[in-house]
Protein chains: 2
Amino acid sequence: MDELDSAIIRNLQLDARLTNRELARRLGIAPSTCLERVRALRDRGVIKGYHADVDLSALNRPVQAFVAARLRPMSRAVIDNFKAAIGALPEVTAMYVVAGDDDFLIHLAVPDLEHLHAFLIDRLSERREVISFRSSVIYESIRNPVLTELPG
Amino acid sequence: MDELDSAIIRNLQLDARLTNRELARRLGIAPSTCLERVRALRDRGVIKGYHADVDLSALNRPVQAFVAARLRPMSRAVIDNFKAAIGALPEVTAMYVVAGDDDFLIHLAVPDLEHLHAFLIDRLSERREVISFRSSVIYESIRNPVLTELPG
DNA sequence: AGACCAGCCGAACTTAATTCGCGCATGCCT
DNA sequence: AGGCATGCGCGAATTAAGTTCGGCTGGTCT
């Protein structure tokens, strides 16, 4: 992980479809060298994959929300079961198992508030292990590229 | 947005570096046709970009957390200022302006709990407009590909 | 010093992206 | 119904990119 690797990661985070040649040109190295570096990063698992960023509104799912849920009991069986069941729902775009006031944080993308409400009632309230939840509609999302270095 | 477009999106969400030929082969269409479709999706903004998914642990930032913050007053000036200031911090990987109990949800990636604590003390507590916050360390993250169709 | 190793380079080759003119189907107008 | 325009997909030809590999260089260990 030298400065070259960091630069590669920075570039591919912003545009994963950069051609190898263009990436090499930006870094001032030969395409073959660049290719080898990128391959090594993938093999080492530093780069886990490449994903298209899709506009959820264009897919008729303009309403996004976080739902924080609390579960009881917090046994492995309950957690695994909940993860599998909720993760299989198409409305769910991400799920986080967290410490703190809540146990799960669920990110949703749905067509409208009615769908959100229906999800809460039909998918969460229905479940015995869910003892409470709070939902937060998302007004705005901002994503930051992850710089490798943490100054300070 | 027909079934072909949906299939393209589904495939590129999983692997944005699929070659156009391979994508065309999977869909059973000609590479030139496929290229035209993908280009149209980008031009229409349905595909917003392509991003490398980087392993945060490999970048020496294995600890992730959500921080929910409440601000006062919720004036545009305060919000915009807070967004700009927090979004510029390298620890921050994403930020959400939300309705509900909290006003902001901040996603962090840091090297260890000490850094997380330092962030909370030095970056959030310091700010006058932050009247309270809660942090939740993330035990596990699960991402779901966004299917275009919402069955039901 | 000599030998080794790792990493980078660039030319040669293979594969893919891209362009463009053709043909087919669909729907519309007369 | 016939003719016509339009949109869409196709495939061959061209351009560009990905990939391999042998050799060079600079640093290191003995």
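Scope of the values below: all heavy atoms of this structure, side chains included, with no hydrogens, waters or symmetry mates. Lettering of chains follows the sequences in order, A, B, ..., and the numbering in each one begins at 1.
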DNA chain D contacts among residues 30-53 of chain A, heavy-atom distance under 4.0 Å: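 DNA chain D contact set from residues 30-53 of chain A: Ser32(A), Leu35(A), Arg39(A).
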Ring geometry between Phe82(A) and Phe104(A) (parallel below 30°, tilted from 30 to 60°, perpendicular above 60°):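 Perpendicular: the ring planes of Phe104(A) and Phe82(A) meet at over 60°.
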Starting at [atom1] of [X] and ending at [atom2] of [N], how long is that distance when rounded to a whole Å?
X        : N       : atom1 : atom2 : answer
Arg17(A) : dA16(D) : CZ    : P     : 19 Å
Leu18(B) : dT15(C) : CG    : P     : 18 Å
Asn20(B) : dA16(D) : CG    : P     : 17 Å
Ile29(A) : dT19(D) : CD1   : P     : 15 Å
Arg25(A) : dC9(C)  : CZ    : P     : 15 Å
Asp2(A)  : dG27(D) : CG    : P     : 15 Å
Asp5(A)  : dG7(C)  : CG    : P     : 10 Å
Glu22(B) : dA17(C) : CD    : P     : 10 Å

base_contact_polar (dA16(D) base, Arg21(A) side chain, donor-acceptor, <3.5 Å):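 No pair found.
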Reference residue Phe66(A); test side chain to side chain contact (heavy atoms under 4.5 Å, CB included); the match among Leu105(A), Val137(A), Leu108(A):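 It is Leu105(A); the other options fail the test.
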Check against side-chain contact (heavy atoms from CB on, under 4.5 Å), Ile138(B) and Val97(A): CA-CA 6 Å; Ile138(B) 298 173; Val97(A) 187; over 6 Å; no
Pair Arg44(B) + Asp55(A): basic N to acidic O under 4.0 Å: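 No.
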CZ (Arg10(A)) with more than 12 external heavy atoms under 6.0 Å: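 Yes - once you tally the heavy atoms of other residues, nucleotides and ligands closer than 6.0 Å, there are more than 12.
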Neighbour count >12 (heavy atoms, 6.0 Å) for atom CD, Glu114(B):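 No.
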